[in-house]
Amino acid sequence: GYLRQDGEGYAPVEAAVPASGARWQEWEARRGKWLTDPAVSTQVVLVETMLRALPSILRGAVRATDVMFPNGSLALVEGVYKDNPVADYFNEALAEKVARFVEERLKQEPSTRIRLLEIGAGTGGTSARVLARLMPHR
């Protein structure tokens with residue numbers, strides 16, 4: 001109900017689209033509280049940055065990756081994957097599983113060599129946890 005077909009394209013249904021100013025006022029009213037919570041403050045900054053750039057992204061004037069990783073920096077996303085209570089919990093759970101697998105495999109065959117392949121292109125938050133747990137087996 002937010003869009004209507006307009007020839008070969010689409011246009012917003014004016015009555016269905018909330019005023020962006022009102023939405024940003026609501027965001028600003030809640031933002032301060034969210035920023036005081038370390039578990040969500042990084043996400044708040046990332047979401048706000050991306051939402052403010054969304055019109056330019058959708059017009060093709062700027063690439064989403066240029067907004068998310070300004071000048072190749074991971075600063076906006078790093079806190080989502082590292083030093084974040086939720087990410088840290090899951091990174092630790094994965095590190096524990098990998099460490100247990102390696103320990104069990106070495107019990108079965110002490111001379112075995114285990115190779116790990118990391119698939120990803122993030123901040124290294126998961127890798128850091130896994131490698132720290134595997135340090136005794138290096």
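Remember, it's a predicted structure, so these values are computed and weren't measured experimentally.
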**Message:** Hydrogens and angles aside, do Arg59 and Ser56 bring a side-chain donor and acceptor to less than 3.5 Å of each other?
**Reply:** yes
**Asked** Checking Thr36 side chain against Lys33 main chain: does a donor-acceptor pair fall under 3.5 Å?
**Response** yes
**Prompt:** Same cluster or not: are Leu54 and Leu3 linked, directly or through other Ile, Leu, Val, Met, Phe, Trp or Tyr residues, by side-chain heavy atoms under 4.5 angstrom apart?
**Reply:** no
**Message:** Show the nearest heavy-atom pair for residues Trp34 and Val40, with the distance to one decimal.
**Reply:** O-CG2, 3.4 Å
**Request:** For residues Phe101 and Leu116, determine if any side-chain heavy atom of one lies less than 4.5 Å from a side-chain heavy atom of the other.
**Result:** no
**Asked** Is the backbone of Tyr81 close enough, under 3.5 Å, to the side chain of Asn91 for a donor and an acceptor to pair up by distance?
**Response** yes
**Message:** Within the 4.5 Å heavy-atom criterion, are Ile114 and Leu134 side-chain neighbours or not?
**Reply:** no
**Prompt:** Going hydrophobic residue to hydrophobic residue with side-chain gaps under 4.5 angstrom, can you get from Tyr89 over to Leu131?
**Reply:** no
**Request:** With the side chain counted from C-beta on, respond yes when Glu103 and His137 share a heavy-atom pair under 4.5 Å apart, and no when they do not.
**Result:** yes
**Prompt:** Taking 4.0 angstrom as the limit, do Glu26 and Arg30 come out as a salt bridge?
**Reply:** yes
**Asked** Is Val77 reachable from Phe90 through a run of I, L, V, M, F, W or Y residues, each pair having side-chain heavy atoms under 4.5 Å apart?
**Response** no
**Asked** Do you reckon Met135 sits in the same ILVMFWY cluster as Leu106, going by side-chain contacts under 4.5 Å, direct or chained?
**Response** no
**Message:** Can you tell whether the side chains of Glu104 and Arg100 come within less than 4.0 Å, N to carboxylate O?
**Reply:** no
**Message:** What I want to find out is whether Glu28 reaches Arg52 closely enough, with some N-O distance under 4.0 Å, to be called a salt bridge.
**Reply:** yes
**Asked** So, do Ile57 and Met50 sit near enough that their side-chain heavy atoms are less than 4.5 Å apart?
**Response** yes
**Message:** Test your reading of the model: is there a side-chain donor-acceptor pair from Ser73 to the backbone of Phe69, 3.5 Å cut-off?
**Reply:** no
**Item:** Within-4.5 Å side-chain heavy-atom neighbours: Tyr10 and Arg4
**Value:** no
**Request:** For Arg133 and Ala99, work out which heavy atoms get closest and say how close.
**Result:** CB-CB, 4.2 Å
**Request:** Please assess Thr42 against Glu78 for the test side-chain contact (heavy atoms from CB on, under 4.5 Å), listing each intermediate value before the final yes or no.
**Result:** CA-CA 8 Å; Thr42 301; Glu78 191 169 41; over 6 Å; no
**Asked** Under a single-linkage definition using a 4.5 Å side-chain heavy-atom cutoff for Ile, Leu, Val, Met, Phe, Trp and Tyr, are Val86 and Leu94 assigned to the same hydrophobic cluster?
**Response** no
**Item:** Heavy-atom side-chain contact between Trp24 and Glu48 under 4.5 Å
**Value:** yes
**Heavy-atom side-chain proximity of Ile119 to Leu117 below 4.5 angstrom** = yes
**Item:** Heavy-atom closest pair, residues Pro70 and Leu76
**Value:** CD-CD1, 4.1 Å
**Item:** Short side-chain to backbone donor-acceptor contact, Asp6 and Gly9, under 3.5 Å
**Value:** no
